[in-house]
Amino acid sequence: MEDIRYQPAEIEPKWQKHWDDRHLFRAGERAGAPRAYVLEMFPYPSGAMHMGHVRVYTLGDVIARLARMRGFDVLHPMGYDAFGLPAENAAIKDGLHPAIRTPRNIESFREDLKRLGISYDWSREISTHEPEYYRWNQWFFLRMLERGIAYRRLSRVNWCPSCRTVLANEQVLEGLCWRCDSKVEDRRIPEWAFRITAYADELLQDLDKLDKWPERIVAMQRNWIGRSEGATVAFKVDGTAVEIPIFTTRLDTIFGCTYLVIAPEHKLVREFASAEKLAEIDAFAERIAQERKTDRAADTNKQGLFTGAFAVNPFTGQKVPIWVANFVVADYGTGAVMSVPAHDQRDFEFAKQYRLPIRPVIQPADGSPLLDPATAPAAFTDDGVVRDSGPFSSLESAAARQAMAELARKSGFGNPSITFRLRDWGVSRQRYWGTPIPIVYCEKCDPERRGIPVPDSDLPVRLPGPDEMDVKEVLSGTGEPPLAKISSFVNTTCPRCGGPAQRECETLDTFVDSSWYFARYLSPQDDRAPFERSEADGWLPVDTYVGGPEHAVLHLMYFRFWTKVMQELGLCEAREPVKRLVTQGIVNGPDGRKMSKRFGNVVSPRDIVEQYGADVTRLFILFAGPPQDDMKWSDDQVEGISRFLNRVWRHFQSVKKDLNDEERLAAETGVNPLRRKTHKTIRKLTHDIDNLQFNTCVSALMELSNAIGAVDSTQPAPFSALREAYEAFALLLSPLAPHFAAELWEQLGRADEIQLHSWPAWDEALTVDELVTYAVQVNGKLRGEVQVPATADDEEIKATARQAERVAAHLGDKPVRKAIVIKGRLVNFVV
RNA sequence: GGGAGAGUGGCGGAAUCAGGUAGACGCAACGGCCUUAGAAGCCGUCGGAGCAAUCCGUCCGGGUUCGAGUCCCGGCUCUCCCA
């Protein structure tokens, strides 16, 4: 007996080669067609793909293939986020230079992608570690420098001792490095930064336009930007000329201010504290910095120290003590706050702890009395009516805020102001495997080391390769940038005076690379510009972007910022990079835990594809649940999918001959249950696939295959209906399991490309059943079912329903008060 | 503490957008057929209790409604993000 099992190992490579040979997925080759740009977050090319990658790329591929069937000219590119720490860290271990390891990894990764049958336009492949790519990072850096968006600053940075680099705030999670979980330390060093805060308002406002982004991602960005409206008010330090600006959102409570808190590391502290006190304060600062590192909950534990100085409230002239405390940080707002314990919970707790006075000035709007400092268990933090506040008394909070800000402005001690939680983006990294920053230092022209930009004509500033360095020696440094050890790199000539000069040895954060790569795909070989304007205006913004939600406030914020800059540079019209964002959940191990070597529950895509084929792997991932939900790998479920395709295959092989017999096909006509099922399935998939409900798409295809299988055993096969069902099945399956679908299509005798065939349409008339099943309820409880002709009117339906056996029994001779008929669904008798 | 989301069979999930037969589809389990035997395949059962009629059942408690997994109010639990 001939083996009729379906053989993915044969048909999948066959179709992959076919697509490759015909360049079937090249973008820009369907003249006049509307365009769709479908993109997945590009991978860091580690040696082997993991299941998370399989999930993103499968999701993106379904969307891209569907768009193609809908007649779009689809751009679906792939590339590699190739700079970064893992390759560098691996090199320190085994001495293999990143520039050698990375291309190998890319090759292996590409192989895995190809075996999954993802429909990429491979002619546009890019990798960020190539000089042809990163020279444009440098070019952008110079443009930003010209516009004051890039600047040099001295800053307290988050330093990861294990990765030996600086981290952005977003890369520090609960005091730990996002990559290696080491405890992050504070250091003060000069670094390059991007003024993303200048775009804070726009980044916030434009969130409203992102109506096809998941709400939670938008909410996370909104929180991250953290806009607050309020006022800045200067408090004079008593007996000095020093002014401490404070930021508050509750200016209406300023008459209740009983002390000031300033960050212990705030530079103004040195201007008013006595030498003696200063030593105490420094020790305090040191201690809390230490605690913050060792204890994640340190911040909830309030600690403070009186500085010995007093400040004058500009509204009241009253003197209040100035404290330092662990919950005020120097780089948020102005680094100092006024404390109103009666109306701020944190201030309240602090005041109780250190026995500071509590002065209520806001009366609840419902008329209940002012808070009693002695007995109140908590601060009253709502708006209300202002009391005991001089000329502002009896104003509503909002009105008081406005009036007070106005007075402050007129009197010159304050202004309405807005602060953001968002910080500027520090981009300097003391690492090797990244984009060299195109800056030169010349002692003669630039004694202050502000940095001299490398001229565009000298770009790219190339990263020294394996021949120019001793890998282990250069990379295993102690905090100095590795590039500083490569004298052939460091020593150069000054672009201004032509004298000796040194290059900047830091490299750019790799989030720079991923901030604009989506645009580079538009003209990946362009050597005169990062990309072509005309291409950008034709394809941007990206229509659908698929990736993990872990990038909500990192990559997804940076690339929005970058897009706005690109637009200002005249590179594109778009001011937002992506219209629709799809975030996908995690693929966990079979035990429900995160896949990890530690748990020994890692499932390798390569093994699975080898064993079951790409189509089975793809279908399983799609079937397991909605894209945004986390899912669990299940070997049994994979088997189930494999059985499903085999069942279809076997049945198809047994009827194939008849399906291609034109005489028999011509003889058959009419509507029958299979045709109805076929058209209903088309309708369902058309709806579900648009809503990204791929799991129910797979279910519906299983149902259709069950209906196809049932025909055979019951009655003489209506071959025309069977052929119609198989054609529809192949088309509907095509975006999900493209190889299997293409093979079916070919064996149905079709010579055209199923990949480019139009998405099937259903005939609504063919979806209508002759008999409709109605559920019959009595008083809302199910009591029976009846079959009613589809053409019956309400009265006929009721009459039939009434006669159903169990229904009649329940109705008895009680009068029916009301009968509700829901067309096509149910009848409910109320007695 | 603030924000977002989720709780449905032994399991993954469907129905939730628009209130209308809860459990589609698949997995696991069980029974049967085929087979020397296994693998594969095929047929059947499959929320709980009950011989049945019937009753109970979508985290818990209320409410709206002829009818609530779905809507409203209150609570519990869990996940993620931010403090």
Side-chain angles (χ1 to χ4, degrees), chain A residues 1 3-5 169-170 172-175 214-226 296-300 327 329 332 345-346 349 378 381 421 548-554 583 585-586 588 590 592 619-626 628-644 646-647 650-651 681 684 687-688 690-691 693-707 709-710 712-713 772-786 801 805-806 809-810 816-831:
Chain A
M1 169 128 182
D3 187 2
I4 53 167
R5 275 184 79 84
N169 277 344
E170 295 90 323
V172 181
L173 310 168
E174 302 191 3
E215 265 179 60
R216 66 190 201 103
I217 301 293
V218 172
M220 282 165 73
Q221 292 220 343
R222 189 166 280 127
N223 287 338
W224 192 261
I225 295 168
R296 292 186 197 189
D299 285 352
T300 56
F327 57 83
V329 291
Y332 178 72
Q345 187 57 27
R346 195 178 52 185
E349 287 164 22
T381 57
R421 216 180 69 93
E550 66 274 14
H551 291 108
V553 291
L554 296 164
T583 52
I586 295 167
N588 287 316
L619 283 179
F620 163 69
I621 286 239
L622 296 169
F623 185 56
Q628 67 279 8
D629 289 4
D630 287 353
M631 58 172 278
K632 197 163 77 173
W633 184 265
S634 158
D635 294 320
D636 289 333
Q637 288 276 356
V638 177
E639 283 284 356
I641 297 286
S642 185
R643 280 204 287 268
F644 161 57
N646 270 300
R647 234 176 356 251
R650 252 193 325 272
H651 182 268
T681 304
K684 178 163 177 59
H687 175 262
D688 286 0
D690 260 340
N691 291 310
Q693 290 166 317
F694 305 130
N695 52 337
T696 53
C697 286
V698 178
S699 298
L701 287 171
M702 286 172 169
E703 285 189 45
L704 179 58
S705 96
N706 289 345
D712 195 30
S713 56
V772 184
T773 305
Y774 277 79
V776 187
Q777 298 180 333
V778 177
N779 287 339
K781 296 215 177 203
L782 184 67
R783 297 301 178 189
E785 272 181 10
V786 288
E805 202 181 319
R806 288 159 59 218
H810 278 91
V816 173
R817 278 200 323 191
K818 201 170 165 189
I820 294 143
V821 178
I822 306 296
K823 253 303 185 240
R825 296 238 170 221
L826 63 65
V827 181
N828 187 13
F829 294 108
V830 185
V831 296

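Letters A, B, ... are given to chains in the order of the sequence lines, protein chains preceding strands, and every chain is numbered from 1. Because the structure is a prediction, the values reported are computed rather than measured.
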> When we call it a touch if two heavy atoms are under 4.0 Å apart, what does A/Pro626 touch: a base, just sugar-phosphate, or nothing?
Replying inline: sugar-phosphate

> For RNA chain B, whose closest nucleotide is more 5', that of A/Asp688 or that of A/Arg650?
Replying inline: A/Asp688

>> Rounded to whole Å, how long is the line connecting atom CD of A/Gln628 with atom P of B/C17?
In response: 16 Å

> Out of B/G41, B/U54, B/A15, which has the shortest distance to the side chain of A/Arg643?
Replying inline: B/G41

>> Students often get this wrong, so: under 4.0 angstrom with heavy atoms, is A/Ser634 touching a base, only sugar-phosphate, or nothing?
In response: nothing

> A/Glu639 near the nucleic acid: base, sugar-phosphate alone, or nothing, with a heavy-atom cut-off under 4.0 Å?
Replying inline: nothing

>> Please report the distance separating the C1' of B/G69 from the corresponding atom of B/G9, rounded so that it comes out in whole Å.
In response: 14 Å

> Which part of the nucleic acid does A/Glu785 contact within heavy-atom distance under 4.0 Å: base, sugar-phosphate only, or nothing?
Replying inline: base

>> Check this for me: does the side-chain of A/Gln637 come within 3.5 Å of the base of B/G26 through a donor and an acceptor?
In response: yes

> On a plain distance test, is the side chain of A/Asp636 in donor-acceptor contact with the base of B/C27 below 3.5 Å?
Replying inline: no

> Which base, if any, makes a Watson-Crick or G-U wobble pair with B/C34, both distances under 3.5 Å?
Replying inline: none

> Counting any heavy atom closer than 4.0 Å, what does A/Asn706 reach on the DNA or RNA strands: base, sugar-phosphate only, or nothing?
Replying inline: sugar-phosphate

> What does B/C25 pair with, Watson-Crick or G-U, if both distances are under 3.5 Å?
Replying inline: B/G12

> Is B/C78 paired to anything, Watson-Crick or G-U wobble with both distances less than 3.5 Å, and if yes, which nucleotide?
Replying inline: B/G5

